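What you see is a predicted model, and the numbers here were worked out from it, not measured in a lab.
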Amino acid sequence: MNREEFIQQLNVHSAEAYRQLYDEYYKALVLYADKILLSEESSEDVVQSAFVYMWEKKVTFASYPAFTTYIYKAVRNAAFNTLRHKEVEAMYVKHLENSFNPMETEENFYTEEVHRMLLQAIDQLTPRQREIFLLRLNNKRNEEIAQMMEISVETVKTQVKRALKTLRQLLGSYWMVIILGMME
């Protein structure tokens, strides 16, 4: 296929023209991008993205020189965008490294694990105990709970005591850690 036919076929998005585009330009464009990116893998990604963009956006060309100008500019711009993205990524990683505090992360993990254990234990309470206990955890007074549930204050107190006893049994040695954590 000569240059004129090639451009005509590209403009009608012929699969054959795109095969020829790949066969004739891919390696050269990867080398071109690699001069900027210094990474063959990233360069291949940039060129493939340029080809995909042309296909999806149905880019057309007035002439062969317009095509060559377009494809090399597209690859160059994509390579520079990739570099800018990598710089931003590197700054973000550096920020994370500088702000990373292993003690704080370990503490957060421990706190989350304790909360998970507590919620798992609460799920094992009877439905009524669970409901009353969760209301207590949300700082509701016994009187408020009794009024909301239309039960006596004594029933609320009894259910809270039973819930605490069950949780103490289920959580074993973690019980005190959880109680202390709830007081913070």
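Closest approach of A33 and V75 over heavy atoms only: CB-CG1, 3.7 Å. A pairwise comparison of heavy atoms in I7 and F61 identifies CG2-O, 3.6 Å as the closest pair. Scanning both residues, L170 and A121, for their nearest heavy atoms gives CD1-O, 3.7 Å. Across every non-hydrogen atom of L137 and I122, the tightest pair is CD1-CD1, 3.8 Å. Considering all non-hydrogen atoms of both residues, K86 and S42 come closest at NZ-OG, 2.7 Å. Pairing each heavy atom of V59 with each of H13, the nearest pair is O-CE1, 3.5 Å.
Between the side chain of T155 and the main chain of I151, no donor-acceptor pair closer than 3.5 Å is present. Put simply, the side chain of S14 never gets that close to the backbone of L10: no donor and acceptor are under 3.5 Å apart. The main-chain N or O of P65 is found under 3.5 Å from a side-chain atom of T68 such that the two form a donor-acceptor pair. In this structure a side-chain-to-backbone donor-acceptor pair under 3.5 Å is present from R130 to D123. Between the E144 side chain and the R141 main chain, a donor and an acceptor come within less than 3.5 Å of each other. With N142 contributing its side chain and V156 its backbone, the two residues share no donor-acceptor pair below 3.5 Å. A distance-only check finds a donor-acceptor pair linking the side chain of N138 to the backbone of L134 [under 3.5 Å]. No donor-acceptor pair under 3.5 Å is formed between the side chain of R162 and the backbone N or O of T166.
Remark: E154 engages K157 in a salt bridge (Lys or Arg N to Asp or Glu O under 4.0 Å) (not counting sequence neighbours). Partners of Y53 according to the ring-ring contact (aromatic ring centres under 6.0 Å, His included) rule, which considers only residues two or more places apart in sequence or in another chain, do not exist here.
You'll find the ring centres of F67 and Y25 inside the 6.0 Å limit. Taking the six-membered ring for Trp and the full ring otherwise, Y72 and Y32 have centroids separated by under 6.0 Å.
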Quiz item: Would R19 and E16 satisfy salt bridge (charged side-chain N to carboxylate O under 4.0 Å, His left out), going step by step from the backbone distance to the final call?
Solution: CA-CA 5 Å; R19 233 177 268 113; E16 181 62 36; 2.8 Å; yes
Exercise. Evaluate the side-chain contact (heavy atoms from CB on, under 4.5 Å) criterion for residues R128 and F133: first the C-alpha distance (whole Å), next the side-chain angles of each, then the deciding distance (0.1 Å), finally the verdict.
Key: CA-CA 8 Å; R128 187 174 207 153; F133 189 76; over 6 Å; no
Quiz prompt | Verdict with reasoning, K35 to S43, per side-chain hydrogen bond (donor to acceptor under 3.5 Å, both in side chains) | solution = CA-CA 9 Å; K35 289 179 183 177; S43 299; over 6 Å; no
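Looking at R84 and E87, no side-chain N of the basic residue comes within less than 4.0 Å of a carboxylate O on the acidic one, giving no salt bridge.
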